[in-house]
Structure formats: structure tokens, C-alpha cells
Amino acid sequence: MRYSWNVLPALAVVLANLATPAYGAEAALDVAIVGKRLQQKGCSHPIYCDGPILKRIQLGGVFDDDKTFVDMPTRKPVDKIVAEFNSLPANATKSDLTRFVNDNFYPAGSDIVEAELEDWTETPPFLEGVTDPVLRGYGMSIHNQWKTMARKRDTSFLCNGCETSLLAANNVFFTTGDESSREYHYWNTYYVEIGLLKSGLFKTAKGVLQNLLDMVKTYDFVPTGGRIYYTDRSEPPLLALMVKTYYEATQDLAFVTEALPLLKIEHDFWEMYRSVNVTYTRGSTDSLGKRDSGSGSKANAKVATYGPDLFSTVSDNGTQLRPESYSADFEAAKTQTTAPDLFSTLSGSNLYAASEAGTSPGVQYADVKTATQGPSLFGRRSLLRRDIDIPTANPFAAFTEPQLLVLGSTEINSTIAVNLNSIIYQAELIIADFIELVENSTTPECVSYRDRAAERRQMLLDLTYDAESGLFSDYHLASGKKTEIWSMSSLWPYWAFGDSLPSDGAQKALNNIDFLHGKFPGGLPNTLYNSSLPWDYPNIQPPMQHMAVRSAQNAEDYTCKKSTTGAYDTPCGGTAAKIAQSTVNSAFCNWYTTGGSIDNVLNSYGEAPANSSGVNFGSFVLGPDGDIDTTTSGKAQGNYAWTNGINIWLFDNYKAQLQMPSCPNIKLNLVEHTQSPLPSPSPSPTYAPSPTHPTTVPAPPTIYTPPPPQPTSYYTPPPPLTSAYPSGKSCVRKRVCRRCHRVVKRIWAAGNGDAGCKNPYTKRGLFSNLPVRR
């Protein structure tokens with residue numbers, strides 16, 4: 001991620017009275033933190049992490065971008081460089097520092113080179129069934145971009161004793177995409193993986209995953225990125241979800257067996273170094289968000305928050321400074337000491353917490369007691385009136401960028417992030433199911449992980465869920481209130497456990513999301529707070545659109561289908577398909593206006609720059625009308641890997657609903673009498689993904705029309721893997737349990753018939769394609 005500590009793109013909803021009794025009357029009370037998190041050792045490399053060399057170079061203005069210096073391999077052994085630096089005069093000029101750098105370091109990024117993809121295919125499976133020539137041509141273009149983004153580590157030129165900040169990577173990896181990205185990033189890799197698998201690049205996807213697992217072997221967790229200065233931070237822990245996704249696509253049981261111990265280690269890291277125990281008084285909601293006669297009882301839970309407690313890292317005025325953004329953090333730390341009446345104080349590892357949260361937490365911009373909070377732009381009454389007015393006056397216009405950095409960085413490590421805890425909930429269930437799969441039994445350890453997941457889910461329902469709106473909001477531990485800026489990341493629970501929420505709450509959430517998409521057809525925006533920073537309105541980012549699609553689809557599947565037949569009760573709004581279409585549109589339109597074209601189908605845009613093949617941006621900007629604002633300049637961003645992966649995933653999962661993209665105020669320069677530029681894709685490999693939806697679904701008349709009733713084959717399991725089972729036994733099959741009134745997994749063995757319903761932890765279908773050995 002270029003903006004490595006961005007506040008997560010949000011749903012343009014700032015719930016004005018979220019923490020007040022009028023809105024959150026059923027919220028839990030008397031939340032107390034019990035104990036402290038373990039401290040984590042910070043990175044201490046004398047050049048890339050800490051020390052006088054880093055400080056002098058970064059504050060000396062040698063480079064415009066702080067990340068440049070820390071990405072430069074050394075030309076000499078580190079001890080000689082330290083000695084040479086110590087001989088510099090105390091009043092060394094910028095020219096002196098520049099000469100020192102040139103004499104002792106190679107250019108940034110010299111340690112990575114382009115890589116070939118051994119499993120490359122010219123007929124990607126995700127295009128199978130896509131007939132529109134524009135969609136097919138654009139899909140092939142983004143598939144081909146994998147070849148331009150693949151990288152590998154090369155340190156063969158380093159001298160004996162020379163070093164680089166690039167961490168070891170034994171397999172191909174993908175950088176995030178912009179010009180300053182010279183390594184892989186944790187969060188970004190998930191979106192790379194889902195695209196690679198849909199492109200049929202299974203071996204490459206496995207290597208990408210193995211790089212992350214190797215990091216767990218070394219550090220007990222996956223660092224934010226593949227550089228040494230990231231080794232005291234992580235990002236939302238999606239590794240278990242990645243392994244699950246890979247397993248569902250390949251049924252590679254050996255890989256799961258190898259990965260399982262490392263998934264447990266990573267989970268333990270987040271439990272020890274990013275979690276605190278809290279006690280609270282239960283509100284009046286049970287596990288389904290309904291009234292509970294046992295309300296008022298005391299509850300205990302372990303909750304995860306972003307940000308490490310570091311005891312060894314560079315700091316200024318008590319604030320840890322990140323090596324890759326040292327000068328900006330230095331200014332932020334200096335700003336907070338000069339304006340104590342306006343800004344919450346940066347302390348400890350606030351900035352590290354913001355970096356770790358990445359694009360995810362819906363945090364407050366300032367303490368609720370300050371005057372810099374800004375107006376509530378989207379209150380509950382406005383939501384009910386369906387009336388959004390974006391103020392022409394920017395409430396943050398008076399503040400400088402360093403001041404905004406302070407406002408956007410405080411209180412993160414005191415906030416129960418809904419998305420983080422939802423992700424860990426998913427990881428706990430995945431680990432439990434993997435244990436059952438590998439051990440061939442429901443062990444006490446398996447039960448323990450499921451119990452922890454149930455406890456975490458209950459905590460989220462008690463502290464962050466609002467039954468009236470069906471929405472979640474992050475919880476601020478210090479003030480004992482929900483945060484006042486609701487983030488789109490708070491939709492993640494609908495992806496994680498949407499089928500465990502009341503259907504009326506899910507329908508309310510869907511209605512609100514659908515309404516917002518109507519106001520912002522270019523994509524669900526970040527917050528309506530226009531702070532002039534890239535993670536706020538009017539910016540939107542593909543990862544959050546993907547999360548919204550997954551959450552909306554899960555809610556639609558739960559609320560719009562009969563639990564006994566799998567058929568649709570009533571026509572649904574198709575909200576997930578709408579967001580999918582707008583996400584593809586936004587990426588396509590900017591690709592087209594920056595030079596994208598399709599042979600014999602689509603000519604280049606008239607104002608596009610010469611010698612450009614189009615750019616897939618990592619974020620997009622909404623115009624005043626709520627639609628996408630296209631640009632003809634691709635210089636600001638390169639091709640972003642997460643945009644590639646997400647669009648390929650959307651192609652595969654919504655091919656029946658996607659239509660030819662349309663761009664606001666731009667007419668596509670189509671070639672007349674075109675034919676499809678691509679040959680029909682060959683059949684998928686034998687280990688291709690097992691579909692969770694029918695492979696062919698009749699296309700509805702418009703993208704906003706709900707799909708027709710699903711055929712009976714919707715619940716047909718993948719073919720059994722004979723090599724994974726003892727003779728005469730088959731895999732778990734997904735069927736409808738009329739006794740349970742929901743879709744569950746049933747075990748069918750040779751001549752044994754129905755073995756009955758599974759336990760409630762597996763009913764939610766988290767592993768719809770996961771075979772279990774018996």
C-alpha cells in the first residue's frame with residue numbers, strides 16, 4: 001500500500017448520534033481493560049530502522065520520498081558505512097550527505113528484478129463464458145498485466161558483508177504497484193492471490209503464499225511488507241483466509257498440513273501482542289441481536305486492536321517514527337507538541353498502529369472532546385430521510401498536512417476495530433476446520449478455537465452492533481463509546497458471520513448500502529469527511545469495494561433465499577452485483593482514458609497519452625455527481641496489483657451480471673462490426689476451483705435485476721478426491737437440513753445414508769467446499 005497507514009475507505013456514513021443513548025441505548029456498559037499487551041521488540045538495524053544515519057539522511061532532505069533511502073542496498077559492509085558516517089562533520093551539508101549516500105549505496109530497488117511466471121496461460125479460466133468483446137478484451141488486458149508486475153529477489157551483486165532491507169523471498173512476488181513500492185505487502189497479497197487463482201496461475205499463487213508462511217517461520221507473524229523496517233508491524237491478518245482460498249481452489253491437503261502450525265503461530269502473535277482482555281456489562285442483545293432476558297450480566301472477552309507496544313525503536317518526543325516516512329512523522333510529532341489544545345496527543349506507537357491498520361479502521365479524527373471533530377455529515381435522521389448533502393465548506397481545510405496526520409493517527413490502538421476482530425474470527429474458524437481436516441477428528445484444540453470465535457462474535461454483537469440500523473461501528477475503549485465516524489470496513493461482519501445475524505438487520509444494512517450506491521454510482525466512497533487526504537472522500541479503493549461485495553452477497557444469500565430450498569423468496573436488490581459493476585466500470589474507465597485499447601474492438605481514447613497501454617489505478621476519485629472522475633494521466637499511479645486481482649475475481653464471480661462498462665461523459669470509440677478478439681478459453685485444469693455457484697447462470701435483463709432461482713445443482717459438492725480418503729468413503733456434501741432449517745454439511749459414506757447435521761460451528765458454511773476425512 002502506498003499510503004501505508006490510511007484510514008479505511010468508509011461508506012460515507014457518519015452516524016451523528018452513534019454513541020448517544022438515543023441511538024445506542026442497548027449498548028454494553030462499564031467496559032474495562034484488564035491487564036496489558038505484551039511489548040514487542042522494534043526493528044533495530046543501524047541503517048534501515050534506527051540510529052543517527054537514518055535520522056540525518058531523512059531529515060537532511062536528500063530524497064523527496066523517505067522510502068527511497070531505506071530501499072537502497074549497501075555497496076560496502078555495514079560496519080564500514082557506519083565508520084565513514086561517523087567521520088562526517090557535524091555540520092555536513094545536503095551535498096555532503098548526498099555524496100555519502102551515492103558512495104555507499106546502490107539505487108533503490110536494485111535488489112528486485114522482473115520475474116517470469118512458469119505457469120502462464122493465454123486462456124485464463126475467468127474469461128470462460130464472457131461473451132461481450134469489450135469485457136473480454138479488458139479482461140485479457142488485466143490478465144496480461146500479471147507478467148509486468150511479477151518480481152523476484154536478486155542480491156547476487158552484493159559484496160560479502162553488504163546488506164539490503166529486502167527480506168528473503170524464495171518465490172515470485174508482486175509489488176503493490178506504485179513507483180515507490182519495491183516489495184510485497186501483506187494486505188495486498190490477498191487480492192493478488194484471489195486474482196491469480198481465477199487466472200489459473202495456481203503455482204504462482206502457491207509461491208506467493210509460501211513467501212508469507214516463511215515470514216511466520218522467521219518472525220512469528222507476517223510483517224506489513226517485505227522490508228526489514230516493516231518487521232515490527234503487521235497488517236490485517238488474512239493469511240488463514242488466503243490458505244483457505246487456495247485450498248478451496250486446489251484441494252492441496254499437503255499444503256494445508258504444512259501451513260496449519262504456522263497459522264496457529266500467527267494467531268498466537270495477535271493474541272499476545274495485539275489483544276487485551278476486557279470486561280463489560282452485557283447489553284440487551286443476544287447472539288442474534290435480539291432481546292436477551294439475561295442482560296446485565298458480566299462478560300469477559302479478548303479483543304484485538306491495531307498497533308504494537310514497542311520498547312526499542314526510533315522516537316521523537318515519545319512518538320515512534322516510521323523509517324519509510326520519517327520526515328512526515330517527525331513533522332507530525334512536532335505538530336502535536338505545538339498545538340495541545342487542538343489535537344489529541346501522539347504517543348508511543350500511534351503512528352505504527354495507523355500503519356498497521358492500513359486502510360482499515362474507522363477511527364475518529366480527533367478525540368471527541370476537541371473542537372476539530374467536524375460536523376456530523378450523515379446522521380441517522382438524514383439516513384432515514386434518504387437525504388445526503390455534502391457541505392461545500394471543507395471542515396478540515398484550515399489544517400496543515402502534519403496536523404491532519406495527527407488527527408488521523410490518534411486513538412487507533414485504543415479502538416476495537418470491527419474489521420480486525422471479524423478477520424480474526426474468520427481465522428479462528430478456519431484453523432478449527434483445518435485441525436478437524438488434518439486430524440480427522442474434532443479435537444479439544446479444534447473446539448477451543450471455535451469457542452474463541454464464538455466469544456469474539458458475541459463481543460462484537462454486544463459492543464459494536466446496532467439492531468436498529470443493522471450496522472456495526474468500531475468501539476473506542478478509552479471513552480467507552482462507539483466511534484462517531486462509521487467505516488465501510490465495519491461491514492466485514494456480514495462477510496464473516498452474516499448468517500448469524502437477524503435477517504431484518506441484514507435487510508436494513510442492505511437497504512442503506514443500496515441507497516448509498518444510488519447516491520454514489522461510481523463506487524462506495526470513503527468518509528464524507530473531505531480532509532484532502534487520499535483515504536477520505538471523494539476517494540474510493542477497490543479492496544473496500546470487494547469487501548462490500550462479499551458482505552452484501554452474503555447478506556443477500558441469507559435474507560433473500562428460502563432456508564429450506566435455496567430458492568429466492570422474493571426478488572432481491574442485487575446490491576452486490578451493482579457494486580461489482582461499478583468497481584469494474586471505475587477501473588475500466590481510467591484504464592481507457594489513460595491509453596487502454598482492444599485490437600479490432602476498441603480504439604484508444606482521443607485524449608489519452610501517446611505510447612500508453614492504459615493504467616489500472618489503485619484508487620479512484622468520485623466527481624460532484626457521485627460518479628467516477630476519470631483522468632488521462634497515469635503518471636501518479638502505476639498498475640496496482642490489488643485492482644488487477646479484484647477485477648479478475650469480479651469477472652469470474654459476476655460474469656453473468658456484468659455488462660459492457662460505461663464511462664460518465666465519455667463515449668467509447670468502438671470499432672464497427674467487431675468480433676471477439678480472444679479465442680475461446682480452454683477447459684480449466686483438473687484442479688481448477690470448485691464452484692460455489694453454478695458455472696452457467698442465465699444472464700438477467702439488466703445488472704440490477706436479481707438472478708433467477710438457483711438450480712438444484714447449487715448445492716452439488718465438488719467431486720471427491722479419492723487420494724484424500726480411505727477406501728469406500730466420500731467427502732462432506734452441502735445439503736439442506738430441513739430439521740435445522742438451514743444449509744449444512746452432511747456426511748455421506750458408502751451405504752450409510754444420512755449421518756445427520758453437523759455441530760452449529762460448521763453450519764454457517766464457512767468451508768462450503770471443504771472435504772473432511774472420516
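Everything numeric here is computed off the predicted structure, so don't read it as measured data. Along the sequence shown, residues are numbered consecutively beginning with 1.
- Legend: residues meeting side-chain contact (heavy atoms from CB on, under 4.5 Å) with Ser199, ordered by chain and number and at least two apart, are Phe126, His143, Trp146, Leu201, Ile648.
- Checked by atom type and distance alone, the side chain of Ser141 never pairs as donor or acceptor with a backbone atom of Gly137 at under 3.5 Å.
- For the pair Ser110 and Pro73, the tightest heavy-atom approach, listed with the atom from each and the gap, is CB-CG, 4.2 Å.
- With rounding to the nearest 0.5 Å, the separation of CZ in Phe617 from OG1 in Thr594 is 5.0 Å.
- The 12-atom threshold is not exceeded at NZ of Lys80, counting heavy atoms of other residues, nucleotides or ligands nearer than 6.0 Å.
- Qualifying side-chain contact (heavy atoms from CB on, under 4.5 Å) partners for Thr305, counting only residues two or more places apart in sequence or in other chains: Arg37, Leu477.
- Listed by first and then second residue, the ring-ring contact (aromatic ring centres under 6.0 Å, His included) pairs that reach into residues 51-83 are Phe69-Phe105, sequence neighbours excluded.
- Ring orientation note: the planes of Phe330 and Tyr326 are close to parallel, at an angle under 30° on the 30°/60° scale.
- Screening residues 201-232 for disulfide (SG to SG under 2.5 Å) gives no qualifying pairs among residues at least two apart or on separate chains.
- Residues Thr245 and Tyr190 meet the side-chain proximity criterion, which asks for heavy atoms closer than 4.5 Å.
- Taking the side chain as every heavy atom from C-beta outward, Met140 and Ile598 never approach each other to under 4.5 Å.
- Annotation: side-chain contact (heavy atoms from CB on, under 4.5 Å) contacts of Glu114 (sequence neighbours excluded): Arg151.
- The OH atom of Tyr230 lies 12.0 Å from the SG atom of Cys43; values are rounded to the nearest 0.5 Å.
- With sequence neighbours excluded, the residues satisfying side-chain contact (heavy atoms from CB on, under 4.5 Å) with Asp71 are Lys67, Ala108, Ser165, Arg182, Glu183, Arg227, Tyr229.
- With sequence neighbours excluded, the residues satisfying side chain to side chain donor-acceptor pair (under 3.5 Å) with Arg274 are Gln40, Glu356.
- Counting heavy atoms from C-beta on, the side chains of Cys663 and Thr593 never come closer than 4.5 Å.
- Within the 4.5 Å cutoff, no side-chain heavy atoms of Tyr138 are placed close to those of Leu602.
- Taking Thr204 as the reference, Asp119 meet the side chain to side chain donor-acceptor pair (under 3.5 Å) condition, with sequence neighbours excluded.
- By the 6.0 Å contact criterion, CG on Asn86 is enclosed, its count of non-hydrogen atoms from other residues, nucleotides or ligands being greater than 12.
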Criterion side-chain hydrogen bond (donor to acceptor under 3.5 Å, both in side chains) on Asn188 and Thr176, from CA distance to verdict: CA-CA 6 Å; Asn188 185 76; Thr176 55; 5.8 Å; no
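- Within the structure, salt bridge (charged side-chain N to carboxylate O under 4.0 Å, His left out) pairs that include any residue of residues 84-103 comprise Lys76-Glu84, Asp96-Arg99 (at least two apart or interchain).
- We find the NZ-CG distance between Lys206 and Leu197 to be 12.0 Å, quoted to the nearest 0.5 Å.
- Tyr186 is linked by a side chain to side chain donor-acceptor pair (under 3.5 Å) to Glu266, counting only residues two or more places apart in sequence or in another chain.
- The aromatic rings of Phe588 and Trp591 lie tilted to each other, with the angle between the two planes from 30° to 60°.
- Taking 4.5 Å as the limit, some side-chain heavy atom of Glu193 sits within range of a side-chain heavy atom of Leu209.
- In this structure the side chain of Leu117 reaches within 4.5 angstrom of the side chain of Val172, judged on heavy atoms.
- Applying the ring pair (Phe, Tyr, Trp, His ring centres under 6.0 Å) test to Phe100 and every residue at least two apart in sequence or in another chain returns Phe85.
- The line from CZ of Arg322 to OG of Ser327 is 10.5 Å long, rounded to the nearest 0.5 Å.
- Scanning all heavy atoms of the two residues, the minimum distance from Glu163 to Tyr48 falls at O-OH, 3.5 Å.
- Pro237 is not listed as a side-chain neighbour of Phe269, based on a closest heavy-atom distance of 4.5 Å or more.
- Every residue two or more places apart in sequence or in another chain that forms a side chain to side chain donor-acceptor pair (under 3.5 Å) with Glu118 is listed here: Lys203.
- No hydrogens or angles considered: nothing links the side chains of Ser619 and Asn539 as a donor-acceptor pair under 3.5 Å.
- Here CG of Leu263 is found 10.5 Å from CE of Met242. Values are rounded to the nearest 0.5 Å.
- The CD1 atom of Ile265 sits 6.0 Å away from the CG atom of Asp220 when rounded to the nearest 0.5 Å.
- Between Gly595 and Ser604 the shortest heavy-atom distance is O-OG, 4.0 Å.
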